[in-house]
Undergrad: 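Once you've had a glance at the structure underneath, I'll fire off some questions.
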Amino acid sequence: MSTINISLPDGSQKMFEQGIMPIEVAKEISHDLAKAALIAEVNAKKVSLKAPINEDAALKILTFEDEEGKTAYRHSASHIMAQAVKRLFSDTKFGIGPAIKDGFYYDFDSSHTFTTEDYEAIEAEMKKIIKENIPFERQELPREEALRFFDSLGETYKVELINDLPEDAVISIYGQGDFVDLCAGPHLPSTGYVKAVKLMSLAGAYWRGSEKNKMLQRIYATAFPSKELLEAYLFKVEEAKKRDHRKLGAELELFMILDEGPGFPFFLPKGMILRNELENFWRQEHIKWGYQEIKTPIILSRALWERSGHWDHYQENMYYTKIDGEDYSVKPMNCPGGMLVYKSKPHSYRELPIRMGELGLVHRHELSGALHGLMRVRCFTQDDAHIFMLPEQIKDELINVTKLIDSFYKLFGFSYHVELSTRPENAMGDPETWEVATNVLREAMEAMEMPYTVNEGDGAFYGPKLDFHLEDSIGRTWQCGTIQLDFQMPEKFELTYTGADNQPHRPVMIHRVVFGSIERFIGILTEHYAGAFPLWLSPVQAKILTITDRQNGYAHEVAQKLTAAGIRAEVDDRNEKIGYKIRAAQTEKVPYMLVLGDKEMEEGTAALRKRSEGDLGARSMDEIVALLKDEIIHKK
RNA sequence: GCUGGAGUAGCUCAGCCGGUAGAGCAGCUGAUUCGUAAUCAGCAGGUCAGGGGUUCGAUUCCCCUCUCUAGCUCCA
């Protein structure tokens, strides 16, 4: 038997007998590593711990700490769940069962309708399978044989999957006792490796994500290498729920959504303060960045929407009405109005770029099942702008807008990722123009060295776009900012400017938003800060709390002083103990509290208390005003 | 829209097998005048989402509608 040379991630090399399994190498390295090992990476290929190594190789042992190890672990758990379901509901057919962020799912087609009451039985069966410690066994099959095999089992979905695999694909199946699944692998050595599992939720999911297909039943679950890790995860999920903007929005009285208007949010006084602060900031910044502001009507005639292409390309998302017998539509986008403003007078090349902003309220018909708090609504305010420019200005403007968006997100401490969305199916205009536009977006991203992913076919019907995604409290991402490059609208609306040659030319246009939708942005902000907004955004910035009712008069004087300095203050002069009032203010997430007793009243001071730090001691009123003003101005 | 789940007081929730609803918090009133996260007592609060059906009787069982909710993209 010959020997082979195995190199490890730390650079060391060791000689082993040919055909050695990764798990044996792991044992050689350390007992702990062997215990934590899940799968291996041999020459950059993921394999089972029991796959013999037959040649010199670079070996890496992967554990739950590695993304790939975690994925294999959950993927194996999904097979265990499938096996459990097969045992309990034998006529079940199988769709797909991948690992996902934080867990895994499996899609089933079964005569049985799963409910949460089945969780217990399925989990119990999974535990049994885990206890049986059944090895996962890999087998590679020729295509024909694989097709025959799954066909004989009646696994129509698997047959479909195999038929769609490329000609040269290696078709592998994994068996664990009485259960066999089509799977690329790799898997853990045996079911016993999975320690803690929990079924999380139940949902319908169309086969292959298309609503033309049958809806399968999807069970979401998760798995961890220990009960403690599972519980820590469940705790984290519970904590995240407390940050949910729908819950906080109601508690903090920011907004509400009623049955009288599903998807149409009401903003309450406190939510309006937050919103107005954001809009004020937006206006100030946009002046600095060279924007003008306009406001266009909400309802405009059918002729306009036909011209813009919305009537053909966006029909199912629009609301319609009739005025004096003529068709009108409620605007789903601000651009056509902006076009009309541009067209209202002739333009010279000297004016370009023209950056025309609009906080525009748009209405869109979203599927009822897609509505979600402020994140997905049927009416929202876009912090829109349309930039009309010369072709040679495109790249600079793209960079400019990207920097503007980045400066906003940085202020709030958001991390975000960018997606480039390309030509969709129902696109307007010729593919060549799209190609050009898409490439300019790419170039701008590359010029700034911004990382981005590509989202094929997800562009707007009039142009490709760069989308900026922010995360919510449970890790779902929402598109906020977007930059869309548009060669179509200027054409449709016959926009022109007079060039240096005294001839008419066609400008190019960018559509862009920074917040995206003010509503969605407020939702994201609420979850980001868990409702404890920075001082400049807080609806109530300071709460004045009296120890006894002797200080009530003084309290209102203090409130007057703060109000005069532009600080939003409220007095709590209820006949309650100070602890009670502090608790109330703390629950309302008021950033500063001013506690007033006899001492403060005599000295003309206030005992300052910060939401995040507790008692700061007595300060003069001037000092307090200066401190708060500074924090507000610098948006700390 | 589709699939599963849910809807009881302002909020969080209880209500067994059908006999017309209960708690805590919030609110109001009174007492207490208190120093950094809940003082005590009393009072008031509900067309049990809406509609229909079964029944002597429905919050409870059945059907329809509305709304909310998880998901329907992350490719064996």
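Below, all heavy atoms of this structure are taken into account, side chains as well, without hydrogens, waters or symmetry copies. Being a predicted model, the structure only gives us computed values, none of them experimental. Naming convention: chains lettered A, B, ... in sequence-line order (proteins, then strands); numbering from 1 in each chain.
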Undergrad: Can a salt bridge be assigned to the pair R208(A) and D164(A) using a cut-off of 4.0 Å between side-chain N and carboxylate O?
TA: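 Looking at R208(A) and D164(A), the cut-off is met.
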Undergrad: Where the side chain of I96(A) is concerned, which of A76(B), G71(B), U36(B) is the nearest nucleotide?
TA: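 Selected nucleotide (nearest to the side chain): A76(B).
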Undergrad: Give a yes/no answer on whether the side chain of Y105(A) brings an N or O atom under 4.0 Å of OP1 or OP2 in C74(B).
TA: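 Answer yes for this pair, as a side-chain N or O of Y105(A) is under 4.0 Å from OP1 or OP2.
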Undergrad: What integer number of Å spans the C1' atoms of A44(B) and A6(B)?
TA: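 These two C1' atoms come out 30 Å apart once rounded.
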Undergrad: Which part of the nucleic acid, if any, lies within reach of A607(A) when heavy atoms closer than 4.0 Å are counted: base, sugar-phosphate only, or nothing?
TA: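 The answer is base, as A607(A) lies within the cut-off (heavy atoms under 4.0 Å) of a base atom.
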Undergrad: Is a side-chain donor-acceptor pair under 3.5 Å present for Q479(A) with H469(A)?
TA: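 On atom types as modelled, these side chains do not qualify, holding no pair under 3.5 Å.
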Undergrad: Which whole number of Å gives the distance between the C1' atom of A37(B) and that of G45(B)?
TA: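 Comparing C1' positions in A37(B) and G45(B) gives a spacing of 27 Å.
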Undergrad: Select from G263(A) and V170(A) the residue whose nearest nucleotide in RNA chain B is closer to the 5' end of that strand.
TA: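 Upstream on the strand: G263(A).
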Undergrad: Can you name the residues that form a side-chain contact (heavy atoms from CB on, under 4.5 Å) with Q217(A), not counting sequence neighbours?
TA: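 For Q217(A) the side-chain contact (heavy atoms from CB on, under 4.5 Å) partners, ignoring immediate neighbours, are S110(A), T113(A), F114(A).
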Undergrad: Counting Watson-Crick and G-U wobble pairs with both distances under 3.5 Å, what is the dot-bracket string for RNA chain B, 5' to 3', using [ ] for crossing pairs and | for pairs to another strand?
TA: (((((((..((((.....[..)))).(((((.......))))).....(((((..]....))))))))))))....
Undergrad: Sticking with atom C1', work out how far C66(B) lies from G52(B), rounded to a whole angstrom.
TA: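 My reading of the C1' atoms in C66(B) and G52(B) gives 14 Å.
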Undergrad: Less than 4.0 angstrom between a side-chain N/O of R611(A) and OP1 or OP2 of A37(B), yes or no?
TA: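 Result: no.
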Undergrad: Say whether, by atom type as modelled, one donor and one acceptor occur between the side chain of R378(A) and the main chain of E366(A) under 3.5 angstrom.
TA: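 Yes.
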Undergrad: Which atom pairs, donor and acceptor, lie under 3.5 Å between side-chain atoms of residues 170-186 of chain A and protein residues at least two apart or in another chain?
TA:
from    : atom 1 : to      : atom 2 : distance (Å)
S172(A) : OG     : C183(A) : O      : 2.4
Y174(A) : OH     : R138(A) : NH1    : 3.1
Q176(A) : NE2    : Q83(A)  : OE1    : 2.8
D178(A) : OD1    : Q83(A)  : NE2    : 2.6
D181(A) : OD1    : Y106(A) : OH     : 3.4
D181(A) : OD1    : K158(A) : NZ     : 2.8
D181(A) : OD2    : Y106(A) : OH     : 2.4

Undergrad: Would one find a side-chain N or O of S368(A) under 4.0 angstrom from OP1 or OP2 of G1(B)?
TA: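 Looking at the OP1 and OP2 atoms of G1(B), one of them is under 4.0 Å from a side-chain N or O of S368(A).
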Undergrad: For atom C1', what is the distance between C16(B) and U36(B), given to the nearest Å?
TA: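 The same atom, C1', in both gives a distance of 46 Å.
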Undergrad: Looking at Y206(A), I'd like to know whether one of its side-chain N or O atoms comes within less than 4.0 Å of OP1 or OP2 on U73(B).
TA: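 Result: no.
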Undergrad: Check this one for me: any side-chain N or O of R246(A) less than 4.0 Å away from OP1 or OP2 of A70(B)?
TA: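 Yes, within the criterion.
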Undergrad: What integer number of Å spans the C1' atoms of A49(B) and U69(B)?
TA: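 Going atom to atom, C1' in each nucleotide, I get 15 Å.
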Undergrad: With hydrogens left out and only the distance checked, is there a donor-acceptor pair under 3.5 Å joining E600(A)'s side chain and the base of G35(B)?
TA: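 In this structure, the two groups form a donor-acceptor pair.
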Undergrad: Suppose we screen for side chain to side chain donor-acceptor pair (under 3.5 Å). Which residues come up paired with S111(A), at least two apart in sequence or across chains?
TA: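 Per chain and number, S111(A) pairs via side chain to side chain donor-acceptor pair (under 3.5 Å) with D91(A).
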Undergrad: May I ask you to list the residues of residues 587-596 of chain A, by number, that have any heavy atom positioned under 4.0 Å from an atom of RNA chain B?
TA: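 Going residue by residue through residues 587-596 of chain A, the ones with a heavy atom under 4.0 Å of RNA chain B turn out to be V595(A).
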Undergrad: 5'-most contact on RNA chain B: E576(A) or I547(A), nearest heavy atom basis?
TA: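 It is I547(A) whose nearest nucleotide is closer to the 5' end.
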Undergrad: With the side chain of K599(A) defined as its heavy atoms from C-beta on, choose the nearest nucleotide among U36(B), G4(B), G35(B).
TA: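 Ranking U36(B), G4(B), G35(B) by closest atom to the K599(A) side chain puts G35(B) first.
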Undergrad: To the nearest 0.5 Å, how far apart are CH2 in W311(A) and CE in M318(A)?
TA: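 Here the interatomic distance stands at 6.5 Å.
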Undergrad: Provide the full list of salt bridge (charged side-chain N to carboxylate O under 4.0 Å, His left out) pairs with a residue in residues 253-263 of chain A, sequence neighbours left out, each pair given once.
TA: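 Matches after skipping sequence neighbours: none remain.
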Undergrad: For R574(A) and G27(B), is the shortest distance between a side-chain N/O and OP1 or OP2 below 4.0 Å?
TA: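 Checking R574(A) against G27(B): at least one side-chain N or O falls below 4.0 Å of OP1 or OP2.
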Undergrad: Roughly how far apart, to the nearest Å, are A23(B) and C43(B) at atom P?
TA: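 These two P atoms come out 11 Å apart once rounded.
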Undergrad: Between R87(A) and E125(A), does at least one N-O distance fall below 4.0 Å, as a salt bridge requires?
TA: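 Judged by the 4.0 Å cut-off on N to carboxylate O distance, R87(A) and E125(A) do form a salt bridge.
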Undergrad: Can you find a side chain N or O atom of H372(A) that sits less than 4.0 Å from OP1 or OP2 on G71(B)?
TA: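 No, no such contact exists.
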